[in-house]
Structure formats: structure tokens, C-alpha cells
Amino acid sequence: MSWIDDLYVIYQKLDATGCEEVKHDILKAQIDGCSRGEIYVLVLQQLLNIKKDKAPVYELIKGEVESIIHCSHAPYHS
């Protein structure tokens, strides 16, 4: 599974739990990127902010976030 697939699962979980503001923040980071690499970095920064600032929401999406973080160790981001 690619990191973008994990991101869509995150969006689904956030929708299902009424966390539209958090989803909006991640989506904005995704839209602000110009290339795949830049999108990845911006989304990753937003996810790390959620981990730091919104622990209950992070617990909901922790598995997917950890999978996305793991993608940073790969030479190419899909």
C-alpha cells in the first residue's frame, strides 16, 4: 500500500468521527504541495503536528500515520 492510500484511509476515519477540521488541515497541506515529494513532506509535517497537538485524534489514525512515516525511509515515494 502506498502512503497516499494510507492518507485516504485517514480521511475516511476523520470523516467517520467528525474531525473535519483536522481533515481540512491535512487536505490543505496536500493541495499546497507542487510535487509528490513536497506533498509528502507537507502532509507528514501536518500529521506530526496532529501527533503533538491532538493526541486523541492521532490515536485514531496512528497506524496509518506510522505507515506514512515508514515510507520516508524508502528511496521513492509513491
Side-chain angles (χ1 to χ4, degrees):
M1 187 190 289
S2 73
W3 72 269
I4 202 77
D5 293 331
D6 289 319
L7 185 59
Y8 288 125
V9 172
I10 288 172
Y11 289 151
Q12 291 172 342
K13 286 183 175 184
L14 294 174
D15 280 340
T17 57
C19 296
E20 288 86 15
E21 181 182 339
V22 174
K23 178 185 174 186
H24 173 59
D25 292 343
I26 300 168
L27 190 56
K28 182 176 180 337
Q30 185 179 4
I31 291 169
D32 286 348
C34 295
S35 66
R36 278 191 190 175
E38 185 178 15
I39 292 168
Y40 176 80
V41 169
L42 292 172
V43 168
L44 184 59
Q45 286 174 336
Q46 189 60 43
L47 293 172
L48 293 174
N49 286 339
I50 293 166
K51 182 177 182 178
K52 182 178 73 172
D53 299 333
K54 298 177 179 169
V57 175
Y58 177 76
E59 286 302 315
L60 174 71
I61 59 175
K62 182 178 181 177
E64 291 78 21
V65 173
E66 295 300 322
S67 179
I68 291 172
I69 291 170
H70 178 70
C71 288
S72 69
H73 302 296
Y76 301 100
H77 305 292
S78 43

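These numbers were taken from a predicted model, which means no experiment stands behind them.
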* So do the side chains of Ile69 and Leu48 get within less than 4.5 Å of each other, counting heavy atoms only? ->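 Yes. Closest side-chain heavy atoms under 4.5 Å.
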* Counting only N and O atoms by type, is there a donor-acceptor contact under 3.5 Å from the side chain of Tyr40 to the main-chain atoms of Ile68? ->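 Such a contact is found between Tyr40 side chain and Ile68 backbone.
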* For Lys62, check salt bridge (charged side-chain N to carboxylate O under 4.0 Å, His left out) against everything at least two apart and list the hits. =>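 Checked Lys62 against salt bridge (charged side-chain N to carboxylate O under 4.0 Å, His left out); zero matches.
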* Asked: Among pairs that include at least one residue of residues 42-59, which meet side chain to side chain donor-acceptor pair (under 3.5 Å), considering only residues two or more places apart or in two chains?
  ->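 Only Tyr58-Glu66 qualify under side chain to side chain donor-acceptor pair (under 3.5 Å).
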Could you give the side-chain donor-acceptor pairs of residues 10-24 under 3.5 Å, partners two or more places apart or in another chain?
unit_1	atom_1	unit_2	atom_2	d
Tyr11	OH	Gln30	OE1	2.7
Lys13	NZ	Leu60	O	3.4
Lys13	NZ	Glu64	OE1	3.1
Lys13	NZ	Glu64	OE2	3.0
Asp15	OD1	Lys23	NZ	3.2
Asp15	OD2	Lys23	NZ	3.0
Thr17	OG1	Lys13	O	2.9
Thr17	OG1	Leu14	O	3.4

* Kindly compute the distance separating CD1 (Ile39) from CG (Leu44), expressed to the nearest 0.5 Å. =>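 CG of Leu44 is found 13.5 Å from CD1 of Ile39.
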* Determine, step by step, whether Asp5 and Val9 satisfy the side chain to side chain contact (heavy atoms under 4.5 Å, CB included) criterion, reporting the C-alpha distance in whole Å, the side-chain angles of both residues, the deciding distance to 0.1 Å, and the verdict. => CA-CA 6 Å; Asp5 293 331; Val9 172; 5.8 Å; no
* Asked: Can you name the side chain to side chain contact (heavy atoms under 4.5 Å, CB included) partners of Glu38, sequence neighbours left out?
  ->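 Glu38: side chain to side chain contact (heavy atoms under 4.5 Å, CB included) contacts with Cys34, Ser35, Leu42.
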